[in-house]
J.: 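Questions regarding the structure given below will be posed in turn.
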Amino acid sequence: MTEYVKIPNIFKRETFGKNKLIEGKYSSPELEYLKDAMWEFEEKIDGTNIRICWDGYRVSFMGRTDKAQIPTHLLAKLEELFGGESKEELFEQTFGKKNVILFGEGYGKKIQKGGELYGDVNFRLFDVLVDGYWLLQANVDCIAEIFEIETAPFMFRGTLEQGVQFIKTHPKSLLRDAEMEGIVGRPMVQMFSRTGERIMVKIKCRDF
């Protein structure tokens with residue numbers, strides 16, 4: 001099954017000293033070229049990457065990699081949200097025989113440091129891959145409505161510099177009573193690098 005791409009940081013890091021970000025030195029030529037374009041930013045949840053897989057016949061749950069183990073209490077929550085005959089029928093009704101992966105974040109108690117601050121374990125959808133094609137955000141939102149789940153919180157639209165300035169204020173999370181981990185940005189028009197990877201970026205509070 002397809003693993004979710006590792007999202008690059010906005011800037012390169014020093015190769016010596018404290019390994020800090022070198023502000024203004026973008027981590028890829030694509031990011032530098034698109035720095036003044038409009039991006040959409042959502043909150044980066046501090047949890048564990050989860051894949052909900054539909055192969056045209058059944059639903060299965062996987063972590064970020066094929067060998068990753070899903071915590072038992074999170075697995076129980078996924079079964080509650082996506083398991084059972086009625087949800088299997090909903091997958092078939094929505095996607096038919098297509099191969100589908102719902103990508104999301106499992107978060108909450110006993111997941112990552114500070115997970116307790118999110119409250120009970122839960123799942124938020126942030127991407128959907130259907131037969132090798134990434135859905136647009138409007139379609140991802142539609143899938144979330146169909147399965148009665150929530151998506152990662154949308155923050156704002158702006159340039160990469162506006163994203164950096166926002167994170168420098170160390171904003172509070174919309175999901176927990178603490179500073180947010182950061183934000184994830186995508187160009188308002190979906191774009192790909194010359195190697196075929198989607199152009200995305202992360203900006204984390206701890207880096208500033």
J.: In plain terms, say whether Glu88 and Arg58 are close enough for a salt bridge, that is, a side-chain N and a carboxylate O under 4.0 Å apart.
T.: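 Between Arg58 and Glu88 there is no salt bridge, as every charged N stays at least 4.0 Å from the carboxylate O atoms.
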
J.: Apply salt bridge (charged side-chain N to carboxylate O under 4.0 Å, His left out) to the pair Asp55 and Lys97, showing each step before the final yes or no.
T.: CA-CA 7 Å; Asp55 64 2; Lys97 301 301 182 183; over 6 Å; no

J.: Please report the C-alpha distance between Met191 and Arg198 in whole Å, then the side-chain angles of each, then the deciding distance to 0.1 Å, and finally whether the side chain to side chain contact (heavy atoms under 4.5 Å, CB included) criterion is met.
T.: CA-CA 6 Å; Met191 295 184 179; Arg198 283 191 308 163; over 6 Å; no

J.: Quick one: are the ring centres of Phe82 and Phe123 less than 6.0 Å apart?
T.: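 Under 6.0 Å, so yes.
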
J.: Closest heavy-atom contact between Trp39 and Val201?
T.: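 Closest heavy-atom pair between Trp39 and Val201: CZ3-CG1, 3.8 Å.
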
J.: Less than 3.5 Å apart, which donor and acceptor atoms pair up between the side chains of residues 111-118 and the rest of the protein, not counting sequence neighbours?
T.:
{"from": "Gln112", "atom 1": "NE2", "to": "Gly47", "atom 2": "O", "distance (Å)": "2.9"}
{"from": "Glu116", "atom 1": "OE2", "to": "Lys110", "atom 2": "N", "distance (Å)": "3.3"}
{"from": "Tyr118", "atom 1": "OH", "to": "Asp46", "atom 2": "N", "distance (Å)": "3.0"}

J.: Start with the C-alpha distance between Asp120 and Lys77, add both sets of side-chain angles, then the distance that settles salt bridge (charged side-chain N to carboxylate O under 4.0 Å, His left out), and finish with yes or no.
T.: CA-CA 10 Å; Asp120 291 336; Lys77 182 64 178 180; over 6 Å; no

J.: Tell me the closest heavy-atom pair linking Leu78 and Phe61, and the distance in Å.
T.: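 Heavy atoms only, the tightest pair is O-CZ, 3.6 Å.
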
J.: Ion pair present between Arg206 and Glu179, side-chain N to carboxylate O less than 4.0 angstrom?
T.: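 Judged by the 4.0 Å cut-off on N to carboxylate O distance, Arg206 and Glu179 do not form a salt bridge.
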
J.: If you round to the nearest 0.5 Å, how far is CD of Glu197 from CE of Met200?
T.: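 It comes to 11.0 Å.
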
J.: Please say whether more than 12 non-hydrogen atoms of neighbouring residues, nucleotides or ligands are located less than 6.0 Å from CG in Asp66.
T.: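 Result for CG/Asp66: enclosed.
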
J.: Looking at CD of Glu85 and CG of Leu90, how far apart are the two atoms once the value is rounded to the nearest 0.5 Å?
T.: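 Result: 12.5 Å between the selected atoms.
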
J.: Does Asn99 offer a backbone N or O that forms a donor-acceptor pair with the side chain of Asp131 under 3.5 Å?
T.: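 Checking the backbone N and O of Asn99 against the side chain of Asp131, a donor-acceptor pair under 3.5 Å is found.
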
J.: Do Gln190 and Leu136 make a side-chain contact, defined as non-hydrogen atoms from C-beta onward lying under 4.5 Å apart?
T.: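 Yes, side chains in contact.
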
J.: If you take all heavy atoms of Leu34 and Pro187, which pair is closest and at what distance?
T.: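 Heavy-atom minimum between the residues: CD1-CG, 4.2 Å.
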
J.: Quick check for you: to the nearest 0.5 Å, what is the distance between Ile50 atom CD1 and Thr48 atom OG1?
T.: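 Rounded to the nearest 0.5 Å, the CD1-OG1 separation comes to 5.0 Å.
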
J.: For the backbone of Gly63 and the side chain of Arg51, can you confirm whether one donor and one acceptor N or O come within less than 3.5 Å of each other?
T.: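 Flag set: sc Arg51 to bb Gly63 pair under 3.5 Å.
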
J.: Run the salt-bridge test on Lys168 and Glu23 with the 4.0 Å N-O cut-off and return the result as yes or no.
T.: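 Yes.
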
J.: Please determine if Arg186 and Asp127 form a salt bridge, counting it only when a charged side-chain N lies under 4.0 Å from a carboxylate O.
T.: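 Salt bridge between Arg186 and Asp127, a charged N being under 4.0 Å from a carboxylate O: yes.
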
J.: Looking at every non-hydrogen atom in both residues, tell me the closest pair between Pro153 and Leu174 and how far apart they are.
T.: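 Where Pro153 meets Leu174 most closely, the heavy atoms are CB-CD1, 3.8 Å.
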
J.: Can you measure from CZ (Phe126) to NZ (Lys44) and round to the nearest 0.5 angstrom?
T.: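 The distance works out to 9.0 Å.
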
J.: Can you name the ring pair (Phe, Tyr, Trp, His ring centres under 6.0 Å) partners of Phe103, sequence neighbours left out?
T.: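 Phe103: ring pair (Phe, Tyr, Trp, His ring centres under 6.0 Å) contacts with Tyr4, Trp134.
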
J.: Go through the steps for Thr159 and Lys35 under the test side chain to side chain contact (heavy atoms under 4.5 Å, CB included), then give the verdict.
T.: CA-CA 6 Å; Thr159 65; Lys35 62 185 176 65; over 6 Å; no

J.: Please report the closest heavy-atom contact between His73 and Lys109, naming both atoms and the distance.
T.: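 The pair with the smallest heavy-atom distance is NE2-O, 2.7 Å.
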
J.: Which residue in the set Leu102, Ile143, Val100 passes side-chain contact (heavy atoms from CB on, under 4.5 Å) when paired with Val130?
T.: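 Running side-chain contact (heavy atoms from CB on, under 4.5 Å) over Leu102, Ile143, Val100 with Val130 returns exactly one hit, Val100.
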
J.: For atom CZ of Phe156, is the number of surrounding heavy atoms from other residues, nucleotides or ligands below 6.0 Å larger than 12?
T.: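 Yes, because the 6.0 Å sphere around CZ of Phe156 holds more than 12 heavy atoms from other groups.
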
J.: Output, in order, the C-alpha distance, side-chain angles, deciding distance and verdict of salt bridge (charged side-chain N to carboxylate O under 4.0 Å, His left out) for Lys20 and Glu14.
T.: CA-CA 6 Å; Lys20 292 183 178 179; Glu14 296 175 345; over 6 Å; no

J.: Before giving the answer on salt bridge (charged side-chain N to carboxylate O under 4.0 Å, His left out), spell out for Arg64 and Glu3 the whole-Å C-alpha distance, their side-chain angles and the decisive distance to 0.1 Å.
T.: CA-CA 6 Å; Arg64 176 172 172 73; Glu3 295 178 8; 5.9 Å; no

J.: Please lay out, stage by stage, how Met180 and Met155 fare under the test side chain to side chain contact (heavy atoms under 4.5 Å, CB included).
T.: CA-CA 11 Å; Met180 70 169 58; Met155 301 305 298; 3.5 Å; yes

J.: Once rounded to the nearest 0.5 Å, what's the spacing between atom CD of Glu145 and atom OG1 of Thr151?
T.: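 Reported to 0.5 Å precision, the distance equals 9.5 Å.
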
J.: List the atom of Phe91, the atom of Ile52, and the distance in Å for their closest heavy-atom pair.
T.: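 Phe91 and Ile52 have their closest heavy atoms at CZ-CG2, 3.9 Å.
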
J.: So if I apply the salt bridge (Lys or Arg N to Asp or Glu O under 4.0 Å) rule between Arg124 and each of Glu150, Glu43, Glu105, which one comes out positive?
T.: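 Filter result, single survivor: Glu150.
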
J.: With side chain to side chain contact (heavy atoms under 4.5 Å, CB included) as the criterion, how do Asp207 and Phe11 come out once you've worked through the C-alpha distance, each side chain's angles and the decisive distance to 0.1 Å?
T.: CA-CA 10 Å; Asp207 286 324; Phe11 300 128; over 6 Å; no

J.: Do Glu161 and Gln165 pair up side chain to side chain, a donor and an acceptor below 3.5 Å, judged on atom types alone?
T.: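 Yes, because at least one side-chain N or O of Glu161 sits under 3.5 Å from a partner of the opposite role on Gln165.
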
J.: Output the distance between atom CD1 (Ile203) and atom CD1 (Ile183), rounded to the nearest 0.5 Å.
T.: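 Output value for this atom pair is 4.0 Å.
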
J.: Is the side chain of Ser27 donor-acceptor paired with the backbone N or O of Asn9 at a distance under 3.5 Å, no angle test?
T.: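 Indeed, once roles are kept as given, a pair shorter than 3.5 Å links the two residues.
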
